[in-house]
Peer 1: 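Before I ask anything, let me first share the structure, which is written out below as structure tokens.
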Amino acid sequence: MQDERDRLIACIPRLRRYARALIGDRTGADDLVQDTIERGWKKLSSWQRGSDMRAWLFGIMHNLHIDQVRRPGIVTEVLDDDTPVPASRATQTDGLEMRDLQSALATLPPEQREILLLVALEEMSYEEVAATLGLPLGTVMSRLSRARQKLRAHMEGRAVVLPLKVVK
């Protein structure tokens, strides 16, 4: 039990990073991570020893996030002014680029954004993402390709043109 507890705790930083990138709101992301850890702890008996606990927890987080998106919630504001804020980057240009990247990520459809974040931010393989989200491998690859194309076009300031293929 101690080993599973340690593995669960070791996953928290990656869960927090992914949740913040997925939601964009620190408070909401922390709530999602807390709910994920709580559910993971309760359902620890369903985790298969020897399998990747990180992927299992990301699957739980994905399902919780989908449930939260479907259910309307109450908008809240952070009241704690003592919450540490990450250090800002040295130049204004870097800050603007980060803001542009955040804006570009927000324009992606959620199903593309979550796959892009799992692959790029969490360094999960396509197979791990497919297993985590319960999608076919081809769907993961095509959504990732479209997400990268849209993100690149947005960052370069060009319109997204998706070529249509003729299927016979």
Side-chain angles (χ1 to χ4, degrees), residues 11-37 52-78 83-168:
C11 293
I12 292 175
R14 298 188 96 174
L15 289 169
R16 289 184 80 204
R17 181 175 61 197
Y18 176 62
R20 285 187 181 170
L22 183 65
I23 294 178
D25 168 40
R26 175 181 291 199
T27 304
D30 288 345
D31 289 344
L32 180 59
V33 171
Q34 181 175 346
D35 293 345
T36 301
I37 295 298
D52 185 7
M53 182 177 277
R54 177 186 65 148
W56 179 71
L57 288 170
F58 276 112
I60 292 172
M61 180 179 280
H62 168 75
N63 292 334
L64 285 170
H65 178 64
I66 294 299
D67 290 346
Q68 290 174 356
V69 168
R70 288 181 183 155
R71 159 176 30 101
I74 300 171
V75 179
T76 60
E77 296 222 9
V78 179
T83 304
V85 178
S88 60
R89 297 192 45 174
T91 66
Q92 289 179 344
T93 305
D94 289 340
L96 292 173
E97 286 175 0
M98 287 303 295
R99 189 187 68 199
D100 290 347
L101 180 59
Q102 246 183 330
S103 172
L105 279 170
T107 65
L108 294 176
E111 62 273 3
Q112 291 177 9
R113 182 175 54 245
E114 63 189 7
I115 290 174
L116 179 69
L117 292 172
L118 287 173
V119 170
L121 187 64
E122 295 304 324
E123 300 175 349
M124 292 176 82
S125 69
Y126 297 170
E127 292 82 8
E128 290 174 319
V129 172
T132 299
L133 301 180
L135 297 171
L137 183 61
T139 301
V140 169
M141 292 168 47
S142 66
R143 286 181 183 176
L144 179 63
S145 175
R146 287 193 302 271
R148 285 177 173 162
Q149 186 176 16
K150 288 178 183 177
L151 191 64
R152 188 177 302 115
H154 190 279
M155 293 300 289
E156 293 173 355
R158 8 178 219 104
V160 178
V161 179
L162 296 175
L164 296 176
K165 294 182 180 177
V166 178
V167 179
K168 294 183 180 183

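Note that this is a predicted model, so its numbers are computed, not measured.
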Peer 1: For the OH atom of Tyr18 and the CG atom of Leu118, what is their distance to the nearest 0.5 Å?
Peer 2: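 Those atoms lie 4.0 Å apart.
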Peer 1: Looking only at non-hydrogen atoms, find the nearest pair between Val33 and Ala19 and report the distance.
Peer 2: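 Closest approach of Val33 to Ala19, heavy atoms only: CG2-CB, 3.7 Å.
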Peer 1: Nearest 0.5 angstrom please: Leu121 CG to Arg17 CZ, how far?
Peer 2: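 Those atoms lie 4.5 Å apart.
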Peer 1: For Gly28 and Asp25, work out which heavy atoms get closest and say how close.
Peer 2: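 Of all heavy-atom pairs spanning Gly28 and Asp25, the closest is N-OD2, 3.0 Å.
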Peer 1: With rounding to the nearest 0.5 Å, note down the distance linking CG in Asp31 to OG1 in Thr36.
Peer 2: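 One finds 10.5 Å between CG of Asp31 and OG1 of Thr36.
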Peer 1: How close do Cys11 and Leu57 get, counting heavy atoms only, and between which atoms?
Peer 2: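 Shortest heavy-atom separation between Cys11 and Leu57 comes out as CB-CD1, 3.6 Å.
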Peer 1: Search all heavy atoms of Arg113 against all heavy atoms of Leu22 and return the closest pair with its distance.
Peer 2: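 Heavy-atom minimum between the residues: NE-O, 3.7 Å.
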Peer 1: For Met141, is there any backbone N or O sitting under 3.5 Å from a side-chain donor or acceptor partner on Ser145?
Peer 2: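 No; judged by distance alone, with no hydrogens or angles, the pair does not exist.
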Peer 1: Taking atom CZ of Arg16 and atom CG of Leu32, what is their separation to the nearest 0.5 Å?
Peer 2: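 Going from the CZ atom of Arg16 to the CG atom of Leu32 covers 12.0 Å.
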Peer 1: Could you pull out the closest heavy-atom pair between Ala104 and Leu151, with the gap in Å?
Peer 2: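 Ala104 and Leu151 have their closest heavy atoms at CB-CD1, 3.4 Å.
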Peer 1: Looking at CG of Asp35 and CG of Asn63, how far apart are the two atoms once the value is rounded to the nearest 0.5 Å?
Peer 2: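 It comes to 13.0 Å.
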Peer 1: Does Val140 reach the side chain of Leu133, with side-chain heavy atoms less than 4.5 Å apart?
Peer 2: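 With C-beta onward as the side chain, the pair stays apart.
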Peer 1: Say you draw a straight line from CD1 of Ile115 to NE2 of His62; how long is it, rounded to the nearest 0.5 Å?
Peer 2: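 Rounded to the nearest 0.5 Å, the CD1-NE2 separation comes to 8.5 Å.
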Peer 1: Closer than 3.5 angstrom, by distance alone: can the side chain of Arg14 be matched with the main-chain N or O of Glu122 as a donor-acceptor pair?
Peer 2: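 At least one qualifying donor-acceptor pair exists.
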Peer 1: Given Leu108, which of His154, Glu114, Lys150, Arg148 fulfils the side chain to side chain contact (heavy atoms under 4.5 Å, CB included) condition?
Peer 2: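 Among His154, Glu114, Lys150, Arg148, the one that satisfies the side chain to side chain contact (heavy atoms under 4.5 Å, CB included) with Leu108 is Lys150.
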Peer 1: Would a 4.5 Å heavy-atom cut-off, applied to side chains only, mark Leu105 and Leu116 as touching?
Peer 2: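 A side-chain contact exists here, since the closest heavy-atom pair is under 4.5 Å.
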Peer 1: Might you point out which heavy atoms bring Leu15 and Met61 nearest each other, and give the distance in Å?
Peer 2: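 Here Leu15 and Met61 meet closest at O-CE, 3.5 Å.
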Peer 1: In terms of side-chain geometry, is the basic nitrogen of Glu128 or Arg54 positioned less than 4.0 Å from the acidic oxygen of its partner?
Peer 2: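 Yes, this pair counts.
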